[in-house]
Amino acid sequence: MKMKSYDHKKIEKKWQAVWDKKKIYNAKNTQGKKFYGLIEFPYPSGAGLHVGHIRSNTAMDIISRKRRMEGCNVLYPIGWDAFGLPTENYAIKTGIQPAIVTKQNTDTFRRQLKELGFSFDWSREVDTTDPTYYKWTQWIFLQMFKKGLAYKAKTEINWCPKDKIGLANEEAEGGVCDRCGGPVEKKEKEQWMLAITKYADRLDKDLDEVNYLEKIKIQQRNWIGKSEGAEIDFKIKNTPEKITTFTTRADTLYGAFAVILAPEHELVEKLKSQITNWKEVADYINKTAKKTDIERTVEDKDKSGVELKGIKAINPISGEEIPVWIADFILVQYGTGAVFADMHDERDFQFAKKYKLPVHQSIMPLFIDKAHPWVDGKEVVERTAIHAVIRKDNGDILVLYWKGTEEWKKNAPITLLIGGVEKGENLIEAAKREIKEETGFVNLKFIEQLPINTQSRFFAAHKNVNRIANVTCLIFDLINEERVEVDEKETQFHDWKFVSMSKATSDINIPDDIYFLGYLNKPSAFTEEGVLVDSGKYTGILSNEARSKIIKAVGGKVVTKFKLRDWVFSRQRYWGEPIPIIHCDKCGYVPVPEKDLPIKLPKVKSYQPTDNGESPLASISKWVNTKCPKCKGKAKRETDTMPNWAGSSWYYLRYVDSKNKKEFASKKALKYWIGNGVDWYNGGMEHTTLHLLYSRFWHKFLYDMKLVPTKEPYMKRTSHGMILAEDGVKMSKSLGNTVDPKDVVKNFGADTLRTYEMFMGPFDQSVNWSTDSIVGPRRFLERVWKLKYKVSKKKSSKELEKILHKTIKKVGEDIEEMRFNTGVSSMMILVGEMEKSEIIAMGDYKKFLQILSPFAPHITEELWNELGEKKSIHISAWPKFDKKLIIDDEIKIVVQVNGKLKGEIFVNVDANEEYIKAKAFENENVKKTLIGQEIKKVIYVKGRLINIVF
RNA sequence: GCCCAGAUGGCGGAAUUGGUAGACGCGAUGGACUCAAAAUCCAUUGAUGGCAACAUCAUGAGAGUUCGAUUCUCUCUCUGGGCACCA
């Protein structure tokens, strides 16, 4: 037989043409079990396809191909997310129409994608810039407008005064204009908004119902920022006014030391006449107003504020009068724009520290000793204790090393100096007495008492009571080392010595003292759950239980707030969907009648935004001036366009019926394809918070309109890792480290590139590109190619059959789990075994080709065809593994002595424990090691190992 | 600062519910073929010691649980991603 070498160029071209002609990858209309696999449709940039596109496309291609072979009616569609800035900027520079540039780019992308052999259904291709597509984007917007979800509001935009252009956030990073490098200003502009916040709660809650990767859910939840709390009113003394504050920690109310308002809060102006330092307050408000968002957050997070002198708020639970401040770290848009401050919040704590405001603790850290838990029914006895930090002038502190009994020596306590407080004694006296008794030191200077006491709860066995110990930490400096004699009975329990602070911190092993030293090293707010203190009748209650009780007691309202803001939907740009609204002086904002859709983008001479920041459309008076659809009077068109998140918010719906002229998709097609959502959607983590959330929002809206059958668009969402350049940084044109897939396809072939990208590393993690490593997968495919010369009509060996069936099982599972790298690896092992074998049965070789075919569709199709198959391998039935062949008759048992490997034995699968143990002891190496040792026990793990312990 | 993910040979990475650490691939070294080179094939390849059998050490650092830890718990360091005064 003459050896024909593997010529990828010939094979790939040949089969791509055949697939195209026979349309084997086109989805059937609506019949049978369906699978809808989705990838994020690409933005067709001028640079052409990126190796990263290929990684994610191949992954979903493999899954789709497997489903097709499993008998599913598969929809794996593709399209173009073609509105966007790069194309527009290119048009500004060159004057070439964006539509023409887009056409060129999509042609390139289409050709490149076809060259990679993806099994897309090309008959359903969509393009967001095609008027027949964006007609429906506009239509959905109008439905939202009619439901009051689209509205106009003043917001700030990034404005470059030099270029006179509004900038997207990503063009204004760091407050610098992306184009000219000059500073960016804020400019107020009326913009269209979408009320996504109305869906915030559902967007959060319905995440429970979908199968997204946990990290995706977490990121979405963080972005939505649901927070359950309460609104609590503070009366203002001598006025009818009240301040409504928002808090999630109503349990800290007794500790409120001030009420703080956002500088923009409306009450400030109302209270003007009573504020005695108005000038100072007004200055601060002005200063804040001038700051940009960036300045307001960047300034090292240093807290600043001004007290509203003459104003007092009344704590609704304690009746205490507290001061009222304004501060710019309180955001007017969030919550109620007002808070009560307490020391159990990091920001409030810093604020109090800066302005030296008196604070008091309302929550104690609570330590429950799990080794000595409370015993039910025993008396609870509360006791006050002091823990003292005693410092020498070199900074060393005194630590007690308790003498444990032998068996619990390891866990003997190491503590600060500790002691009880006797009746009639104040804390400092008690501490000084204890220090003298236990160490003999008499000359100490009291420095401070830490503002946080702690509470410990444990069962005190020697007293037979449940103990509550409230602990105060006092700091002393040692004046000199003068000591008095210490009673022997004190020293029998512990030694003491001075050690450095860092040693003390690592040695000390009781939670109270660990907390105190931590606070001493770095004072910070205690913000966790604990037990209430100095809180009237709530003292002693756990914080999470006290919360609702206190809200109730002060008549607070339980509310939920979200970080999510409404979506700014206007862009002052040309290359986007025109917003289909007409401004009429008489009738206001009037929607364009549906029969007039789409509102097409007119041709313009210049794509440059206008000097006043309006879109280039504003300068085309012929287009702008129109008639009001309602009163037929003179009116103007909206000149803002939509962001490019618009078209991508619903594209997966259009794919199911992309040619429909009457609806965005027919009910029937939607019910069939979206009946349980898109089955599997893979995409990048970078789209988790914007695209994914936006499209879920649109989908929910369409669901409410009864236009789609499900609450959620995507049943399952996974993510891919990025491909970085060889040096581990992001690939970018400016760094000149990009890899052009064109060259790789030319030199190695699409099959090699696909296999390499699946093999290079775990799919969900980022990996560095390595051109050197591509030869591995290439050699693998060449070996696959050569195996055909071994194909025989005879049966393969039993061993080879077993490995084949194990591989079928593993590859199938790996594809489902997106562990493509180990799937490829197991096929490489199989090929190695096939090479060792004299012959391979025809049927076995074919089965192998079938499981390889999703990864390398061209070479497998060619070999399949050469073996006489008339139909495509890609519509053949996915091979099943034989369960009997998966099980080994002989298994390996590892023999260890004291956990160290000493040998291995081979036994029959159903050998019993006795036999295996006996055999293990026969091992020479084991015998040698065991000489003169007394065996304590033998551990047998079924089917795995034996560990002999002496 | 907070949240998420990660750290394993020269490199990319494997490793079931805790059970032989380094599968598979790249690279490297030696050999075969060749006039020669490429390609291909064979062998070796974590470190240290030893002629060897083998022993010791090794999964970012330190502690803990366990007969046994890359895997579980705690503390810390570094890297990547996200959020950033959200009460």
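Chain naming here is simple, since letters A, B, ... match the order of the sequence lines and numbering starts at 1 in each.
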Would you mind classifying the nucleic acid contact of [X] as base, sugar-phosphate or nothing, using non-hydrogen atoms under 4.0 angstrom?
{"X": "A/Lys936", "answer": "nothing"}
{"X": "A/Ser770", "answer": "nothing"}
{"X": "A/Ile829", "answer": "sugar-phosphate"}
{"X": "A/Lys902", "answer": "sugar-phosphate"}
{"X": "A/Ile218", "answer": "sugar-phosphate"}
{"X": "A/Asn222", "answer": "sugar-phosphate"}
{"X": "A/Met760", "answer": "sugar-phosphate"}
{"X": "A/Arg565", "answer": "base"}
{"X": "A/Glu214", "answer": "nothing"}
{"X": "A/Val767", "answer": "sugar-phosphate"}

Checklist entry - Is there a donor and acceptor pair closer than 3.5 Å between the side chain of A/Lys563 and the base of B/C83? => result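 There is none.
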Checklist entry - Based on Watson-Crick and G-U pairs with both distances under 3.5 Å, what dot-bracket line describes RNA chain B 5' to 3', crossing pairs as [ ] and inter-strand pairs as |? => result (((((((..(((......[....)))((((((.......))))))((((....))))..(((((..]....))))))))))))....
Consider the side chain of [X], meaning its heavy atoms from C-beta on, and name the nucleotide among [options] that approaches it most closely.
{"X": "A/Arg779", "options": "B/G19, B/C85, B/G27", "result": "B/G27"}
{"X": "A/Asn925", "options": "B/C67, B/C54, B/G25", "result": "B/C54"}
{"X": "A/Trp223", "options": "B/U40, B/C83, B/C26", "result": "B/C83"}
{"X": "A/Thr248", "options": "B/A87, B/C85, B/C24", "result": "B/A87"}
{"X": "A/Asn821", "options": "B/G25, B/A14, B/G19", "result": "B/A14"}
{"X": "A/Val949", "options": "B/A14, B/C67, B/G6", "result": "B/C67"}
{"X": "A/Val775", "options": "B/C26, B/C85, B/U56", "result": "B/C26"}

Distance-only polar pair, side chains of [X] and [Y], donor-acceptor under 3.5 Å:
{"X": "A/His720", "Y": "A/Asn682", "result": "yes"}
{"X": "A/Thr288", "Y": "A/Asp328", "result": "no"}
{"X": "A/Glu726", "Y": "A/Thr771", "result": "yes"}
{"X": "A/Glu529", "Y": "A/Ser543", "result": "yes"}
{"X": "A/Tyr212", "Y": "A/Thr718", "result": "no"}

How far does the [atom1] atom of [N] sit from the matching atom of [M], given to the nearest Å?
{"N": "B/C3", "M": "B/G19", "atom1": "C1'", "answer": "34 Å"}
{"N": "B/C76", "M": "B/C4", "atom1": "P", "answer": "15 Å"}
{"N": "B/G60", "M": "B/A21", "atom1": "P", "answer": "16 Å"}
{"N": "B/C24", "M": "B/C41", "atom1": "P", "answer": "15 Å"}
{"N": "B/C67", "M": "B/G62", "atom1": "C1'", "answer": "23 Å"}
{"N": "B/A58", "M": "B/A39", "atom1": "P", "answer": "40 Å"}
{"N": "B/A7", "M": "B/U59", "atom1": "C1'", "answer": "9 Å"}

Can a salt bridge be assigned to the pair [X] and [Y] using a cut-off of 4.0 Å between side-chain N and carboxylate O?
{"X": "A/Glu782", "Y": "A/Arg778", "result": "yes"}
{"X": "A/Asp251", "Y": "A/Arg249", "result": "yes"}
{"X": "A/Glu833", "Y": "A/Lys836", "result": "yes"}

Report all side-chain donor-acceptor pairs from residues 936-950 of chain A shorter than 3.5 Å, counting only partners two or more places apart or in another chain.
from: A/Tyr940; atom 1: OH; to: A/Gly943; atom 2: N; distance (Å): 3.4
from: A/Asn947; atom 1: OD1; to: A/Asn898; atom 2: N; distance (Å): 3.4
from: A/Asn947; atom 1: OD1; to: A/Gly899; atom 2: N; distance (Å): 2.9

